[in-house]
Amino acid sequence: MGKAGKWYYAVKKGRIPGIYGSWPEAEAQVKQFRGPMHMKFRSYEEAERWLGLPVDGTTNPYLAPRLIAGFSDDPRQPPVAEPQPGPVTVTNARDVPPPLVAGSSASLSSIIAYTDGAAKKNQDKFNRMAGYGIHWAAAHSGDIAEPLPGPPGEGHTNNVGELTAIIRVLELTKGDPRPLTIYSDSTYSIDCFDRHQGWVANGDKTASGKTPANFDMIRYMVALRSLRNVRKQKTAIKHVKGHADSPGNIAADRLANQGVYKPRVGVPPEPDWKRLLEEVEKEEKEVVAHMNGAQYLRSGAPEAVTTTTTTTTTTIVTVTTTTSVRRCHLCCELASLKHS
């Protein structure tokens with residue numbers, strides 16, 4: 001039940017259906033919209049029931065399937081163009097491929113995700129709320145709409161929501177060998193991948209000598225992509241124009257806004273980004289060591305180094321020995337058997 005005086009505004013038919021925490025936000029979705037449907041409620045749960053949404057705390061995929069299928073309750077509203085099957089061709093990092101439909105050849109071989117973040121009450125740094133959304137357009141299922149971890153406040157910004165969405169996609173696909181493409185309308189998040197190396201080279205500082213905002217979070221995000229690259233898993237992070245004509249981006253935006261107002265019962269605390277970074281870096285080192293060891297065994301000949309030791313008695317004796325170099329501790333026993 002909401003606090004005394006608190007209302008939740010449910011928009012069933014409007015520009016972006018969903019649940020809003022203030023009337024101005026909801027009004028923006030229904031004002032001058034033909035045939036709007038909206039109602040206010042004292043509790044978030046009542047608003048969910050009116051919209052026909054689950055109230056058991058599960059992920060809220062409201063309207064995303066309709067959006068992608070080009071479905072419209074109101075025949076007077078222009079429908080979303082239905083996606084057509086076909087291969088994906090990207091000629092530029094800023095190009096956006098057509099949405100894929102289930103069953104197409106491309107959807108079976110590539111994972112495509114659209115991500116977005118959202119923040120409300122931006123002028124109130126103590127009560128600011130943010131969330132993130134993930135829409136899986138191909139080769140994955142289970143759209144995500146979640147509030148940011150940790151208590152509402154200064155750390156809940158739109159940029160953090162955008163970064164969190166990309167991080168979650170990279171985490172959920174970490175062990176998946178299929179090519180992955182993430183589409184985001186956040187130039188900030190995409191630029192972080194390129195600017196990260198310069199910050200590290202500058203002692204973890206920007207050109208002005210300041211620590212980059214959300215730096216530990218960004219380092220973890222970059223490490224997750226690096227882990228996929230080391231595993232030879234193709235990964236691309238591409239830009240899509242926000243609030244335009246991309247069904248995938250519109251779906252992710254809706255999910256992110258739903259995530260802002262999702263009940264915060266059971267929401268985890270803010271992650272320890274440094275600890276997570278250490279774990280991913282350790283995992284990457286193990287992958288590299290194992291790959292080097294496997295390559296060593298396939299080569300069929302041990303790589304050798306020559307060492308010289310000197311022992312002093314009445315004369316100086318020089319002894320030369322040849323030692324097999326084993327690069328992977330996981331392959332030591334196999335290597336010794338092969339070259340013994």
Side-chain angles (χ1 to χ4, degrees), residues 15-18 59-71 80-90 92-104 106-119 130-148 158-174 176 178-193 221 224-225 228 234-260 262:
R15 293 179 180 83
I16 303 180
T59 297
N60 181 0
Y62 182 61
L63 274 186
R66 290 183 176 185
L67 179 70
I68 296 305
F71 180 88
V80 177
E82 179 138 5
Q84 300 297 320
V88 177
T89 56
V90 179
N92 184 281
R94 300 291 177 175
D95 289 346
V96 181
L100 298 180
V101 296
S104 70
S107 69
L108 297 176
S109 59
S110 301
I111 303 173
I112 297 179
Y114 287 83
T115 64
D116 205 358
Y132 65 96
I134 300 171
H135 170 65
W136 303 99
H140 208 287
S141 61
D143 284 355
I144 296 172
E146 292 290 342
L148 284 190
N158 185 76
N159 282 343
V160 173
E162 300 277 7
L163 292 171
T164 301
I166 294 174
I167 285 172
R168 288 299 292 139
V169 171
L170 291 171
E171 287 178 335
L172 292 169
T173 59
K174 187 170 65 170
D176 197 312
R178 293 174 295 178
L180 168 67
T181 301
I182 300 174
Y183 287 96
S184 170
D185 62 11
S186 171
T187 54
Y188 163 78
S189 300
I190 296 173
D191 288 346
C192 283
F193 285 98
M221 178 180 70
L224 284 170
R225 189 182 69 167
R228 281 189 58 88
K234 293 182 179 179
T235 308
I237 317 291
K238 299 182 181 294
H239 183 261
V240 58
K241 186 177 180 180
H243 310 287
D245 56 356
S246 166
N249 174 256
I250 296 173
D253 179 77
R254 291 189 179 191
L255 291 164
N257 280 281
Q258 293 283 339
V260 173
K262 190 172 181 180

List for me each residue that meets side chain to side chain contact (heavy atoms under 4.5 Å, CB included) alongside Asn158, sequence neighbours excluded, and say none if there are none.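 By the side chain to side chain contact (heavy atoms under 4.5 Å, CB included) rule, Asn158 matches Ala119, Glu162.
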Please enumerate all residues that pass side chain to side chain contact (heavy atoms under 4.5 Å, CB included) together with Asp253, with sequence neighbours excluded.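 For Asp253 the side chain to side chain contact (heavy atoms under 4.5 Å, CB included) partners, ignoring immediate neighbours, are Ile16, Asp116, His243, Asn257.
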Kindly compute the distance separating [atom1] ([X]) from [atom2] ([Y]), expressed to the nearest 0.5 Å.
| X | Y | atom1 | atom2 | result |
| --- | --- | --- | --- | --- |
| Ser184 | Lys238 | OG | NZ | 13.0 Å |
| Tyr132 | Leu148 | OH | CG | 8.0 Å |
| Ile182 | Arg225 | CD1 | CZ | 9.5 Å |

Please report the shortest heavy-atom distance between [X] and [Y], naming the atom on each side.
| X | Y | value |
| --- | --- | --- |
| Gly133 | Ala165 | O-CB, 3.9 Å |
| Pro147 | Lys262 | CD-CB, 4.0 Å |
| His135 | Gly248 | CD2-CA, 3.9 Å |

Check whether any side-chain N or O of Arg228 sits under 3.5 Å from a backbone N or O of Asp176 as a donor-acceptor pair, and report yes or no.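 Judged by distance alone, yes, a pair lies under 3.5 Å.
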Test side-chain contact (heavy atoms from CB on, under 4.5 Å) applied to Leu224 and Leu170, Ile166, Thr235, the passing residue: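 Answer after filtering Leu170, Ile166, Thr235: Leu170.
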Matching residue for Leu180 among Ile237, Ile112, Leu172, Ile111 - test: side-chain contact (heavy atoms from CB on, under 4.5 Å):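 Answer after filtering Ile237, Ile112, Leu172, Ile111: Ile111.
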Does the side chain to side chain contact (heavy atoms under 4.5 Å, CB included) test come out yes or no for Lys241 and Asn249, once each step is laid out? CA-CA 8 Å; Lys241 186 177 180 180; Asn249 174 256; over 6 Å; no
Sequence neighbours left out, what pairs pass salt bridge (charged side-chain N to carboxylate O under 4.0 Å, His left out) with at least one residue falling in residues 242-251?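 Residue pairs with at least one partner in residues 242-251: there are none.
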Can we say Glu171 and Arg168 salt-bridge, meaning some charged N sits less than 4.0 Å from an Asp/Glu carboxylate O?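 Looking at Arg168 together with Glu171, the answer is yes, because their closest N to O distance falls below 4.0 Å.
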Heavy atoms, side chains only, cut-off 4.5 Å: are Ile250 and Tyr114 in contact?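 A side-chain contact under 4.5 Å is absent here.
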